[in-house]
Amino acid sequence: MRRSRCTAVTLLLSAICALRQLGALAEIIDASELPHVDSCNYCYECVPMRPPAADTTREAAARMRLNHLRRLSQLQSGDLADGQTTAVAVGPEAIQDAAWANEPDPVYEAAAAVSGIPGALTNPNLVHPELIQPLDHDEKQLKPNCTRCTGCTTVLTDMHAEAIEAEGLEGIAFMHGKGATNGWLFFGNVAGSSKRYIVKVYCMPYSKLHGRPQACASRVYMERMRLMMAQVRLADECGATGITPRVWIAPVNAIIPNGTYLGYHVRWYGLWMEEAPGITLHGLFVTHGAAKVMFDLLTTKINTTQVIQQTVLDLLTAQCDRHSENVFITPSGSLTFIDNDRALGVVTRCGSDSMLLPGNRYHTQLRLGYWGPLMTFYETHGSKPNFCTGPIDMRVVMDYRCYVPDGRIDRNYYPEMRSCMKALARHAVVDIMHRYGFTSRKPAEILKRRSIDMLLMGFEGALAASPPRSAPRYVFQQQPPCCNIVMDINDSPKCANCWKPIIEPQKDSVKDMDSKAVDVLVEPGA
Ligand SMILES: Nc1ncnc2c1ncn2[C@@H]1O[C@H](COP(=O)(O)OP(=O)(O)O)[C@@H](O)[C@H]1O
Ligand SMILES: *[C@@H]1O[C@H](CO)[C@@H](O)[C@H](O)[C@H]1NC(C)=O
Ligand SMILES: *[C@@H]1O[C@H](CO)[C@@H](O)[C@H](O)[C@H]1NC(C)=O
Ligand SMILES: *[C@@H]1O[C@H](CO)[C@@H](O)[C@H](O)[C@H]1NC(C)=O
């Protein structure tokens, strides 16, 4: 249209037309002639299309979700009209405190509005298995492959293409891990926006590792996603907003940017995460020449309030995967803890496994040097009469016992932490389920039981006794704290005080004789 009009005008004007075509308009004109990505099977280059600004409202999110479900499944439209009907049955008891159970999270809603992610869901009860997987796999393959197309409203890029240089930590770069689970990880942008998120796409029909076709346990992933949303909300309510990256379940409409499946059209909901700023403690540890920076961060800059907050949260949520690859630190010492999906009962017979909790496997591993040469050193020298101190991993100073009076929290929780635990302790399991979007009783029971125990027994008492309890292979004696580090003449860290670990063998192969044991967390009607 525009092109033919241009050819009809005067010489002067046609020159302007040509310029306009080369500029901003060229994209629009080109794109309008391209096939829509929906009409392609693979598309090797998808010209992005900026979603309408109105798509970031709550109403738009509800409409998009409904449209998606209608389009992708034969489900009758009425069935999925609102959150109440999709929320999984909450057991025989009536909701006791419906107002509390249905209360939206205001922090989440405000953050969703500014996130700019179209269709982002803030109510976990709306996250449904049909949303997070392709349901038109066979039909899609009947469509032609396109070399170029348009219609993508999300732009995915390879997260592993280059090293990340954290702002303010120039010269120290790190690579993101590939991730162990089945989700495919990317950087993701809303088309036309420069704000970068980390997007995890579950239910790709091909395996990330070997490319073979794979089925999707979409119900399991839905639960993982909801679990992460619940923990963000919990952090908000316990006065620790921002300690974990905010996550949303939102539409992804993009092509795979690279590799074997380049051009594959992702057209279902994924997990959008805020990107944790800084670098992981593990990344710092393995970077040559970063020892001084790491020493400064861990011994002077580190936000000890956040360490205490996350320590309490790790026990409260029965966190079972807190190791130093999941801990980010910024140049100013601010901490973010990622990857919270192995918590609240997901790992069987694990009450907690965190580098922040004394007696946990990860806590002991750090102090025994993963049973390598460090332990050999302490075995050899530790019992000599003049022994005082030896080499140590400087990450051990990240220990709440170093930051609280007498090395004990006991019942001295931060006020917001106490009030969130009080609310959990006092509400019915069914209400907790509904408020946080859990589909089974277990995570709600864990939160309720841990809250009661942590309030009554104090932190250390609950750490020692509150169910769920871990299988023996996760349980160690509490190592003594080492709260100050000095660098020796070879620039290797030592504990500044006399410090000697309690030597225990690695227990990874210890069989759990009690594997059928089930902790009673709360009474059935509680
Ligand atoms: N929200 C996030 N912010 C920053 N980096 C992240 C975030 N989520 C994941 N990553 C990076 O991606 C890597 C793998 O992600 P992860 O969620 O641990 O995958 P998986 O659960 O499959 O193991 C992490 O080690 C980290 O480097
Ligand atoms: C389209 O591309 C995919 C992936 O490269 C391939 O498997 C498929 O056979 C192609 N389809 C057609 C019709 O060429
Ligand atoms: C694309 O993916 C391949 C592996 O499939 C990888 O080797 C390469 O570095 C990637 N390139 C870019 C630019 O992301
Ligand atoms: C440490 O974190 C807490 C909780 O997020 C925050 O309120 C405080 O300002 C931080 N302290 C510093 C010194 O940045």
Side-chain angles (χ1 to χ4, degrees), residues 40-44 137 140-147 158-160 163-164 166 173-188 196-202 204-209 211 213 221 224-225 227-228 231-232 235-236 238-248 255-256 259-265 270-284 286 297 300-310 312-313 320-343 346 403 414-417:
C40 311
N41 176 18
Y42 281 65
C43 166
Y44 301 104
H137 185 63
K140 187 79 171 172
Q141 281 171 314
L142 301 175
K143 296 178 176 174
N145 289 337
C146 307
T147 43
D158 190 345
M159 227 173 93
H160 306 106
I164 311 294
F174 74 105
M175 296 292 288
H176 279 299
K178 295 260 174 193
T181 55
N182 291 316
W184 289 42
L185 272 179
F186 302 95
F187 286 132
R196 184 167 87 177
Y197 291 90
I198 289 183
V199 175
K200 202 166 194 172
V201 175
Y202 292 91
M204 272 290 288
Y206 307 101
S207 152
K208 175 170 68 166
L209 295 178
Y221 291 132
R224 293 288 161 86
M225 290 168 153
L227 213 55
M228 286 194 256
Q231 290 179 79
V232 177
D236 287 343
C238 298
T241 293
I243 207 162
T244 190
R246 204 162 284 282
V247 301
W248 292 277
I255 56 167
I256 299 282
T260 320
Y261 291 96
L262 171 84
Y264 181 86
H265 182 202
L271 179 76
W272 292 66
M273 292 183 270
E274 285 178 328
E275 189 176 349
I279 181 170
T280 68
L281 293 183
H282 178 78
L284 270 178
V286 299
L297 287 177
T300 64
K301 300 264 174 64
I302 192 167
N303 187 321
T304 59
T305 303
Q306 290 176 320
V307 175
I308 298 165
Q309 285 174 325
Q310 191 61 45
V312 173
L313 286 170
C320 286
D321 197 24
R322 181 71 63 225
H323 53 80
S324 73
E325 277 180 274
N326 292 340
V327 183
F328 280 74
I329 190 162
T330 67
S332 62
S334 176
L335 298 166
T336 316
F337 298 84
I338 69 161
D339 216 5
N340 292 327
D341 56 350
R342 288 161 68 82
V346 164
Y403 314 135
Y414 292 122
E416 286 141 312
M417 205 67 91

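Counting convention: from 1, in listed order, for ligands and their atoms alike.
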**Q** What's the shortest distance from atom 4 (C) of ligand 4 to any protein heavy atom, and which residue and atom give it?
**A**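 The closest heavy atom on the protein side is Gln309 OE1, 3.8 Å.
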
**Q** As an exercise, identify every atom of ligand 1 less than 4.0 angstrom from a heavy atom of Ala276.
**A** 2 (C), 3 (N), 4 (C)

**Q** Would you tell me which option among Tyr264, Tyr261, Tyr44 has the nearest heavy-atom contact to atom 5 (O) of ligand 2?
**A**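 Nearest heavy atom to atom 5 (O) of ligand 2 lies in Tyr44.
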
**Q** With only distance considered, is Asn326 within less than 3.5 Å of ligand 1 through an N or O on each side?
**A**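 So ligand 1 has no N or O lying under 3.5 Å from an N or O of Asn326.
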
**Q** Report yes if some N/O of Glu274 lies less than 3.5 Å from some N/O of ligand 1; otherwise report no.
**A**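 Min N/O separation from ligand 1 is below 3.5 Å for Glu274.
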
**Q** Should the SG of Cys146 and the SG of Cys43 be checked, would they turn out to be under 2.5 Å apart?
**A** no

**Q** Applying side-chain contact (heavy atoms from CB on, under 4.5 Å) between Val247 and each of Met225, Met273, Glu274, report the one that passes.
**A** Met273

**Q** Short list, please: which atoms of ligand 1 are under 4.0 Å from a heavy atom of Met159?
**A** 11 (C), 12 (O)

**Q** Could you tell me whether Leu185 and ligand 1 have an N or O pair separated by under 3.5 Å?
**A** no

**Q** Is the closest heavy atom of Met175 to ligand 1 under 4.0 Å?
**A** no

**Q** Would you call Pro245 a ligand 1 contact, heavy-atom distance under 4.0 Å?
**A**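 The answer is yes: ligand 1 sits under 4.0 Å from a heavy atom of Pro245.
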
**Q** Going by the atom numbers of ligand 1, which of them fall below 4.0 Å from some non-hydrogen atom of Glu275?
**A**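 So the answer, numbered in order with elements, is 3 (N).
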
**Q** Working to the nearest 0.5 angstrom, can you tell me the gap between Phe337 CZ and Ile329 CD1?
**A**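 It comes to 9.0 Å.
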
**Q** When you measure from the side chain of Gln231 to the backbone N and O of Asn340, does any donor-acceptor pair fall under 3.5 Å?
**A** yes

**Q** So, taking the atom named OG1 in Thr244 and the one named CG in Leu313, what distance separates them when rounded to the nearest 0.5 Å?
**A**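 Going from the OG1 atom of Thr244 to the CG atom of Leu313 covers 9.0 Å.
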
**Q** Counting only N and O atoms by type, is there a donor-acceptor contact under 3.5 Å from the side chain of Tyr261 to the main-chain atoms of Lys208?
**A** no

**Q** Closer than 3.5 angstrom, by distance alone: can the side chain of Gln306 be matched with the main-chain N or O of Ile243 as a donor-acceptor pair?
**A** no

**Q** So, the side chain of Asn326 versus the backbone of Asp321: is there a donor-acceptor pair under 3.5 Å, distance only?
**A** yes

**Q** Rounded to the nearest 0.5 Å, how far apart are NE2 of His323 and CG of Leu281?
**A** 11.5 Å

**Q** Report yes or no: does Lys200 contribute a side-chain atom to a donor-acceptor pair with the main-chain N or O of Phe186 at less than 3.5 Å?
**A** no

**Q** Using heavy-atom distances, let me know which of Val199, Thr336, Asp341, Ile198 sits nearest atom 4 (C) of ligand 1.
**A**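 Closest candidate by heavy-atom distance is Ile198.
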
**Q** Could you check whether the rings of His176 and Phe187 sit parallel, tilted or perpendicular, using 30° and 60° as the cut-offs?
**A**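 Perpendicular.
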
**Q** Considering only the protein, which heavy-atom contact is closest to atom 1 (C) of ligand 2, and what is its distance?
**A** Asn145 ND2, 1.4 Å

**Q** Looking at atom 10 (C) of ligand 4, what's its closest protein heavy atom, distance included?
**A**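 Checked against all protein heavy atoms, atom 10 (C) of ligand 4 sits closest to Asn303 ND2, 2.5 Å.
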
**Q** Does Met273 approach ligand 1 within less than 4.0 angstrom via side chain, backbone, both or neither, non-hydrogen atoms only?
**A** side chain

**Q** Starting at CD1 of Ile338, measure out to CZ of Phe328 and round the result to the nearest 0.5 Å.
**A**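 These two atoms lie 4.5 Å from each other.
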
**Q** If you measure every N or O of Thr280 against every N or O of ligand 1, does any of those distances drop under 3.5 Å?
**A** no

**Q** Please tell me whether Ser334 and Ser332 have a donor and an acceptor in their side chains that are separated by less than 3.5 angstrom.
**A** no

**Q** Please report whether atom 12 (C) of ligand 4 has a protein non-hydrogen atom at a separation of less than 4.0 Å.
**A** yes

**Q** What do you reckon, does Phe328 put a non-hydrogen atom under 4.0 Å from ligand 1?
**A** yes

**Q** Just to confirm my output: which protein heavy-atom neighbour is closest to atom 7 (O) of ligand 2, and how far is it?
**A** Tyr42 CE1, 4.9 Å

**Q** For the 3.5 Å polar cut-off, considering only N or O atoms, please tell me whether Thr241 and ligand 4 meet it.
**A**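 No; every N/O pair is 3.5 Å or more apart.
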
**Q** As an exercise, identify every atom of ligand 1 less than 4.0 angstrom from a heavy atom of Lys200.
**A**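 It comes down to these atoms of ligand 1: 16 (P), 17 (O), 19 (O), 20 (P), 21 (O), 22 (O).
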
**Q** Only heavy atoms count here, so choose which of Ile338, Asp339, Ile164 is nearest to atom 9 (C) of ligand 1.
**A**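 The nearest heavy atom belongs to Ile338.
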
